[in-house]
Amino acid sequence: MSGAVIIGLCNQKGGASKTTTVASLAAVFSERGLKVLAVDNDPQGHLSLQFGVDALRDKIANTVSQVYLKEAEVRDTIIETGQGGVKLIPASIALATVEMNLPGMPANDLRLRLGLQPLREEYDVILLDSPPNLGKLASNVLAASDYFLVPVDGPWALQSVSTLNKVAKDNATFYNLDNKFLGLFLTMYDRTKIMQAVREEAEERWPDRVFKSTIRRSTTAREAAALSVPLPLYAADSAVAEDYQQLATEVAARSGIKIGGKGGR
Ligand SMILES: Nc1ncnc2c1ncn2[C@@H]1O[C@H](COP(=O)(O)OP(=O)(O)OP(=O)(O)O)[C@@H](O)[C@H]1O
Ligand SMILES: [Mg+2]
């Protein structure tokens with residue numbers, strides 16, 4: 001594989017911390033000297049908001065919608081976030097209409113993949129957010145990614161893993177795409193029996209795919225979201241930021257992302 005490693009954060013369960021994780025890993029990888037692009041791929045636009053970008057308020061003409069519709073050169077959809085050097089393709093609610101119309105369009109599962117292709121040589125890591133469903137936008141993420149990574153915040157989130165693997169397998173069969181399950185990690189973790197049971201079940205079902213790193217439950221994450229600063233930048237010395245540092249190290253090792261000397265912990 002040459003150029004960027006593309007990782008999609010997927011889980012059709014809502015609120016599992018996909019967006020928080022895209023923003024946090026993007027900030028950490030960028031801090032470690034990598035060229036990082038984060039792609040908002042959810043009509044909610046939460047990843048954009050996490051970086052302080054409101055596409056409607058800021059009257060941003062080119063968003064990820066234009067990538068799907070091929071209405072703009074992909075490089076013209078990228079904006080500087082001013083947050084740790086991370087670049088962003090933002091999204092707005094207009095993406096909901098794009099998703100509704102996608103089924104009638106040619107190559108509708110592959111549009112994100114085709115759109116991002118020219119950027120592979122320009123970045124080290126491209127992180128894709130997804131919406132909380134398994135519709136066209138989520139399937140585009142699976143088709144566009146080299147790997148998918150699943151945050152698990154409880155038993156319901158665990159159910160998604162099998163479904164995602166099935167879609168990824170279909171992509172392999174029908175599109176000859178090699179999208180791999182990078183693994184799952186536990187998040188919003190607390191010392192309850194429920195989370196212990198989720199960990200045990202995950203390790204039993206996917207023995208080599210459960211990350212050691214675990215993201216603890218912390219109000220710091222919600223504060224960072226409210227203030228539109230990615231968590232590792234908002235509270236670098238917090239325990240939960242340290243959790244994300246460890247996850248980034250494990251994700252890099254497993255996906256082949258090469259981190260240079262700068263900033264690595
Ligand atoms: N480790 C954590 N501890 C506590 N709260 C967290 C943590 N991580 C994320 N959150 C909060 O949980 C909520 C859901 O997180 P987030 O938006 O990242 O999930 P999501 O999977 O992207 O949601 P959606 O499915 O709606 O896109 C947010 O308010 C976020 O700030
Ligand atoms: Mg989200």
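Each ligand, and each atom within it, is numbered from 1 in the order the structure gives. In this chain, numbering begins with 1 at the start of the sequence shown.
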Quiz prompt | Flag side-chain contact, heavy atom, 4.5 Å: Val5 against Ile126 | solution =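 In short, these two side chains do not touch, never coming nearer than 4.5 Å.
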Quiz item: Are Leu116 and Leu119 close enough that some pair of their side-chain heavy atoms sits under 4.5 Å apart?
Solution: yes
Contact check: [X] vs ligand 1, nitrogen or oxygen atoms, below 3.5 angstrom:
| X | result |
| --- | --- |
| Ser218 | yes |
| Gly15 | yes |
| His46 | no |
| Ala16 | yes |
| Gln44 | yes |

Contact partition for [X] relative to ligand 1, non-hydrogen atoms under 4.0 Å:
| X | result |
| --- | --- |
| Ala221 | both |
| Asp42 | side chain |
| Ile215 | side chain |

Quiz item: So, Gln44 and the Mg ion (ligand 2): N/O/S under 2.8 Å, yes or no?
Solution: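 Checking the Mg ion (ligand 2) against Gln44, no N, O or S atom falls under 2.8 Å.
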Quiz prompt | hydrophobic_cluster_shared for Phe148 and Leu9, side chain cutoff 4.5 Å | solution = no
Quiz item: When you look at Lys136 and Asp109, which way does the side-chain contact (heavy atoms from CB on, under 4.5 Å) test go after all the steps?
Solution: CA-CA 7 Å; Lys136 280 286 161 194; Asp109 281 329; 2.9 Å; yes
